[in-house]
Undergrad: 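Dumping the structure here so I can ask a few things about it.
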Amino acid sequence: MTQHQMHEIRSGLHLHCIAWGEPTLPEAPMLLVHGLASNARLWDGVAEHLVDLGHYVVAIDQRGHGQSSKPDDGFDMSTVAHDLELFITQLELHRPVVAGQSWGANVVIELAARAPHLVRGVCAVDGGTIQLQKHFPEWETCEQQLRPPNLLGTPATRLEGAIRAHHSDWPEAGIRGAMANMEVLADGTIRPWLSLERHLKVLRGLWEHNPEERFPNISVPVLFMPAVGSGEAAWAVDKKEAVARALELLPKGAANWYEPADHDLHAQFPQRVAQELHDASVNGFFI
């Protein structure tokens with residue numbers, strides 16, 4: 001059973017989520033957190049497999065994204081991580097495993113550092129070690145280089161065709177999840193749920209974040225699922241060094257590499273991601 005829910009976690013801030021299964025399922029609950037300019041639906045495939053494995057699963061639209069409220073501020077890492085604290089508490093999720101992708105992976109690292117009592121562990125899916133200031137010492141350069149393309153007014157059919165062509169190995173749930181990043185307007189064109197202004201505020205919050213400062217103080221287990229794409233040799237070296245540093249600094253950490261894989265590996269390989277989350281839960285890694 002799948003349910004769409006809306007929860008007011010702060011005055012005026014409503015977060016949309018999708019829940020699969022029932023809280024009474026026997027295995028550890030799972031909370032799934034999307035990346036920048038993404039949405040909860042990109043976790044559909046993972047969630048469906050996790051429910052089959054006995055987990056109650058909730059995927060959330062973070063502030064500014066998807067069906068959630070669109071405030072003009074609060075996109076720094078401390079605030080968005082606190083959003084998750086409030087969300088877990090309000091839904092009475094009992095020490096869930098919290099998985100986040102990309103920016104969302106950095107968010108769950110921050111959550112683990114801030115509120116270890118609320119989680120039994122976190123999983124960083126191709127993220128969690130992102131330190132943009134190492135590559136872009138000046139914010140203005142980061143903003144210029146990582147500014148998203150303007151997709152407003154693109155026909156939805158054209159976007160879907162491009163996604164299918166670029167990700168021909170993705171299951172249908174991943175395609176639907178990627179399309180759900182956009183609002184389809186009455187004329188058949190699209191508008192990103194996350195506005196450009198808010199996108200840049202999220203990016204600024206990520207640019208300011210230094211997860212390496214958090215790792216030594218994280219007491220709960222951290223599982224990394226990094227991806228190496230084809231033709232990413234230079235980035236792969238940097239990513240492998242960053243994950244290795246994280247594992248040295250963390251009291252308890254592990255890494256399962258995906259190679260070759262897309263950045264949205266949870267959409268590309270939902271069954272494998274779900275199985276590895278489940279295995280880490282039942283074999284005692286997430287305690």
Undergrad: Would you say the side-chain atoms of Arg198 pair up with the backbone N or O of Arg63, donor to acceptor, closer than 3.5 Å?
TA: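 Side chain of Arg198 to backbone of Arg63, a donor-acceptor pair under 3.5 Å: no, none is there.
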Undergrad: Is the shortest side-chain heavy-atom distance between Phe224 and Thr129 below 4.5 Å?
TA: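 In contact.
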Undergrad: Can you tell if the side chain of Phe215 reaches within under 4.5 Å of the side chain of Val222, non-hydrogen atoms only?
TA: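 Contact flag for Phe215/Val222 side chains = no.
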Undergrad: Is Leu42 close to Asp44 at the side-chain level, that is, under 4.5 Å between some pair of heavy atoms?
TA: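 With C-beta onward as the side chain, the pair stays apart.
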Undergrad: Looking only at atom types and distance, does a side-chain atom of Thr89 sit under 3.5 Å from a main-chain N or O of Glu85, one as donor and one as acceptor?
TA: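 Judged by distance alone, yes, a pair lies under 3.5 Å.
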Undergrad: Give the C-alpha distance, both sets of side-chain angles, the deciding distance and a yes or no for side chain to side chain donor-acceptor pair (under 3.5 Å) between Gln5 and His7.
TA: CA-CA 7 Å; Gln5 304 171 3; His7 298 272; 2.8 Å; yes
Undergrad: If you apply the rule salt bridge (charged side-chain N to carboxylate O under 4.0 Å, His left out), what do you find for Glu197 with Lys70, and how did you get there?
TA: CA-CA 11 Å; Glu197 182 181 15; Lys70 309 291 190 291; over 6 Å; no
Undergrad: Go through it in stages, so that I can follow the logic: the residues are Arg10 and Asp83, the test is side chain to side chain contact (heavy atoms under 4.5 Å, CB included), and I'd like the CA-CA distance, side-chain angles, deciding distance and then a yes or no.
TA: CA-CA 8 Å; Arg10 306 174 190 254; Asp83 285 348; 2.8 Å; yes
Undergrad: Which atom pair, heavy atoms only, marks the closest approach of Ala28 to Ser281?
TA: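 The answer is CB-OG, 3.5 Å.
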Undergrad: Step by step, would you call Ile218 with Ile109 a side chain to side chain contact (heavy atoms under 4.5 Å, CB included)?
TA: CA-CA 8 Å; Ile218 294 177; Ile109 290 294; 3.8 Å; yes
Undergrad: Does the side chain to side chain contact (heavy atoms under 4.5 Å, CB included) test come out yes or no for His135 and Asp238, once each step is laid out?
TA: CA-CA 10 Å; His135 302 280; Asp238 179 81; 3.4 Å; yes
Undergrad: Any donor-acceptor pair under 3.5 Å linking the side chain of Asp126 with the backbone of Ala227?
TA: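 Between the backbone of Ala227 and the side chain of Asp126 there is a qualifying donor-acceptor contact (under 3.5 Å).
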Undergrad: Can you check whether Pro251 reaches Ser219 side chain to side chain, under 4.5 Å on heavy atoms?
TA: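 No, their side chains stay 4.5 Å or more apart.
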Undergrad: Count I, L, V, M, F, W, Y as connected when their side-chain heavy atoms are under 4.5 Å apart, and connections chain through other members. Are Leu194 and Val33 then in the same cluster?
TA: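 Yes, Leu194 connects to Val33 through the hydrophobic network.
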Undergrad: Answer yes or no: are there more than 12 heavy-atom neighbours, outside Leu152 itself, under 6.0 Å from its atom CG?
TA: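 Correct, the count exceeds 12.
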Undergrad: Rounded at 0.5 Å granularity, tell me how far CZ in Arg214 sits from CG in Leu111.
TA: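 Taking CZ in Arg214 and CG in Leu111, the distance rounds to 12.0 Å.
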Undergrad: Cut-off 3.5 Å, side chains only: do Gln268 and His167 have a donor facing an acceptor?
TA: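 Absent: no donor and acceptor within the cut-off.
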Undergrad: Mind listing the closest non-hydrogen atom pair of Ala105 and Val125 along with its distance?
TA: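 So the two residues come closest at CB-N, 3.9 Å.
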Undergrad: Considering residues, nucleotides and ligands other than Glu172, do more than 12 of their heavy atoms fall under 6.0 Å from its CD?
TA: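 Enclosed.
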Undergrad: Say you draw a straight line from CG of Leu277 to NE2 of His266; how long is it, rounded to the nearest 0.5 Å?
TA: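 One gets 11.5 Å once the value is rounded to the nearest 0.5 Å.
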Undergrad: Quick one: pull up CZ in Phe269 and CD in Glu276 and give me the separation to the nearest 0.5 Å.
TA: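 Atom-to-atom, Phe269:CZ and Glu276:CD are 11.0 Å apart.
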Undergrad: If you draw the axis of the six-membered ring of Tyr258, does the NZ or CZ of Arg272 fall within 45° of it and under 6.0 Å from the ring centre?
TA: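 Satisfied, under 6.0 Å and within 45°.
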Undergrad: Could you tell me if the side chain of Met225 sits less than 4.5 Å from the side chain of Cys123, heavy atoms only?
TA: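 Side-chain contact under 4.5 Å: yes.
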Undergrad: Do Asn106 and Glu110 pass the side chain to side chain donor-acceptor pair (under 3.5 Å) test, and can you show the C-alpha distance, the side-chain angles, and the key distance before you say yes or no?
TA: CA-CA 6 Å; Asn106 277 51; Glu110 185 70 16; over 6 Å; no
Undergrad: Ignoring hydrogens and geometry, is there a side-chain-to-backbone donor-acceptor pair from Gln133 to Trp207 under 3.5 Å?
TA: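 It does hold such a pair.
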Undergrad: Would Leu86 and Met77 show up in the same hydrophobic cluster when neighbours are defined by side-chain heavy atoms closer than 4.5 Å?
TA: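 Yes, same cluster.
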Undergrad: Does the side chain of Leu32 come within less than 4.5 Å of Val57's, by heavy atoms?
TA: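 In contact.
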Undergrad: Given side chain to side chain contact (heavy atoms under 4.5 Å, CB included), test Trp139 with Thr141 step by step and report yes or no.
TA: CA-CA 5 Å; Trp139 160 244; Thr141 305; over 6 Å; no
Undergrad: Drop me the distance from Asn39's CG to Asp61's CG, to the nearest 0.5 angstrom.
TA: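 One gets 5.5 Å once the value is rounded to the nearest 0.5 Å.
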Undergrad: Does Lys239 come within less than 4.0 Å of Glu259, counting only side-chain N to carboxylate O?
TA: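 No, no charged N to carboxylate O under 4.0 Å.
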Undergrad: For the hydrophobic clusters of this structure (ILVMFWY residues joined by side-chain heavy atoms under 4.5 Å, transitively), does one cluster hold both Met30 and Val119?
TA: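 They do not share one cluster, since no chain of ILVMFWY contacts under 4.5 Å joins Met30 to Val119.
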Undergrad: Any idea which heavy atoms bring Val220 and Ala112 closest together, and the distance?
TA: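 Here Val220 and Ala112 meet closest at CG2-CB, 3.8 Å.
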Undergrad: If you define the side chain from C-beta out and look only at heavy atoms, does anything of Leu196 sit under 4.5 Å from Pro148?
TA: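 Leu196 reaches Pro148 side chain to side chain.
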Undergrad: Would you check, one step at a time, whether the test side chain to side chain donor-acceptor pair (under 3.5 Å) holds for Asn210 with Gln131?
TA: CA-CA 6 Å; Asn210 183 355; Gln131 293 185 235; 2.7 Å; yes
Undergrad: Does some side-chain heavy atom of Leu203 sit less than 4.5 Å from a side-chain heavy atom of Phe75?
TA: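 When only atoms from C-beta onward are counted, Leu203 and Phe75 do not touch, as no gap falls below 4.5 Å.
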Undergrad: Determine the minimum heavy-atom distance between Phe87 and Leu31, stating which atoms define it.
TA: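 Nearest heavy atoms, Phe87 then Leu31: CE2-CD1, 3.8 Å.
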Undergrad: Does Arg120 reach the main-chain N or O of Val98 with its side chain, forming a donor-acceptor pair under 3.5 Å?
TA: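 Pair absent, no side-chain N/O of Arg120 close to backbone of Val98.
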Undergrad: Could you pull out the closest heavy-atom pair between Ala255 and Leu223, with the gap in Å?
TA: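 What the structure gives for the nearest pair is N-CD1, 4.3 Å.
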Undergrad: Decide side chain to side chain donor-acceptor pair (under 3.5 Å) for Arg114 and Ser78; before the verdict, give the C-alpha distance in whole Å, the side-chain angles of both, and the deciding distance to 0.1 Å.
TA: CA-CA 9 Å; Arg114 290 173 54 98; Ser78 177; 2.9 Å; yes
Undergrad: Would you mind listing every ring-ring contact (aromatic ring centres under 6.0 Å, His included) that reaches into residues 47-69, with sequence neighbours excluded?
TA: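 Only His34-His65, His55-His278, His65-Trp103 qualify under ring-ring contact (aromatic ring centres under 6.0 Å, His included).
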Undergrad: Is the backbone N or O of Leu151 less than 3.5 Å from a side-chain atom of Thr154, with the two atoms forming a donor-acceptor pair by type?
TA: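 Judged by distance alone, yes, a pair lies under 3.5 Å.
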Undergrad: As an exercise, state the distance from CG of Leu159 to CD1 of Ile190, rounded to the nearest 0.5 Å.
TA: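 The distance works out to 4.5 Å.
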Undergrad: Between the side chain of Trp193 and the main-chain N/O of Met182, is any donor-acceptor distance below 3.5 Å?
TA: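 Yes, the answer is positive, given that a donor and an acceptor are paired below the 3.5 Å cut-off.
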Undergrad: Would you call Asp72-Lys201 a salt bridge at under 4.0 Å N-O?
TA: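 Answer for the salt bridge query: no.
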Undergrad: Where the side chain of Asp76 meets the backbone of Thr79, is there a donor-acceptor pair that is under 3.5 Å apart?
TA: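 Judged by distance alone, yes, a pair lies under 3.5 Å.
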Undergrad: If we ignore hydrogens and angles and just use 3.5 Å, is the side chain of Lys252 paired with the main-chain N or O of Phe285 as donor and acceptor?
TA: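 Yes: the side chain of Lys252 pairs with the backbone of Phe285.
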Undergrad: Can you see which heavy atom on Gly12 is nearest to which on Ser69, and at what distance?
TA: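 Taking Gly12 first and Ser69 second, the nearest heavy atoms are O-OG, 3.6 Å.
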Undergrad: For Glu8, does the CD atom sit with more than 12 other heavy atoms under 6.0 Å from it, leaving out its own atoms?
TA: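 Yes, CD of Glu8 has more than 12 neighbouring heavy atoms, counting only those of other groups under 6.0 Å.
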Undergrad: Is it true that a side-chain atom of Gln101 and a backbone atom of His263 form a donor plus acceptor pair closer than 3.5 Å?
TA: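 Flag set: sc Gln101 to bb His263 pair under 3.5 Å.
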Undergrad: If you round to the nearest 0.5 Å, how far is OG of Ser102 from CG of Leu206?
TA: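 Reported to 0.5 Å precision, the distance equals 7.5 Å.
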Undergrad: Just jot down the ring pair (Phe, Tyr, Trp, His ring centres under 6.0 Å) partners of Trp257, sequence neighbours excluded, or say none.
TA: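 Testing Trp257 for ring pair (Phe, Tyr, Trp, His ring centres under 6.0 Å), a comparison that skips the adjacent residues, returns none.
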Undergrad: Group every Ile, Leu, Val, Met, Phe, Trp and Tyr by side-chain heavy-atom contacts under 4.5 Å, then state whether Leu93 and Trp43 land in the same group.
TA: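 Not linked; separate clusters.
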Undergrad: Are Trp170 and Asp264 close enough that a side-chain donor and a side-chain acceptor fall under 3.5 Å?
TA: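 Their side chains do not contain a donor-acceptor pair, so the 3.5 Å distance test is not met.
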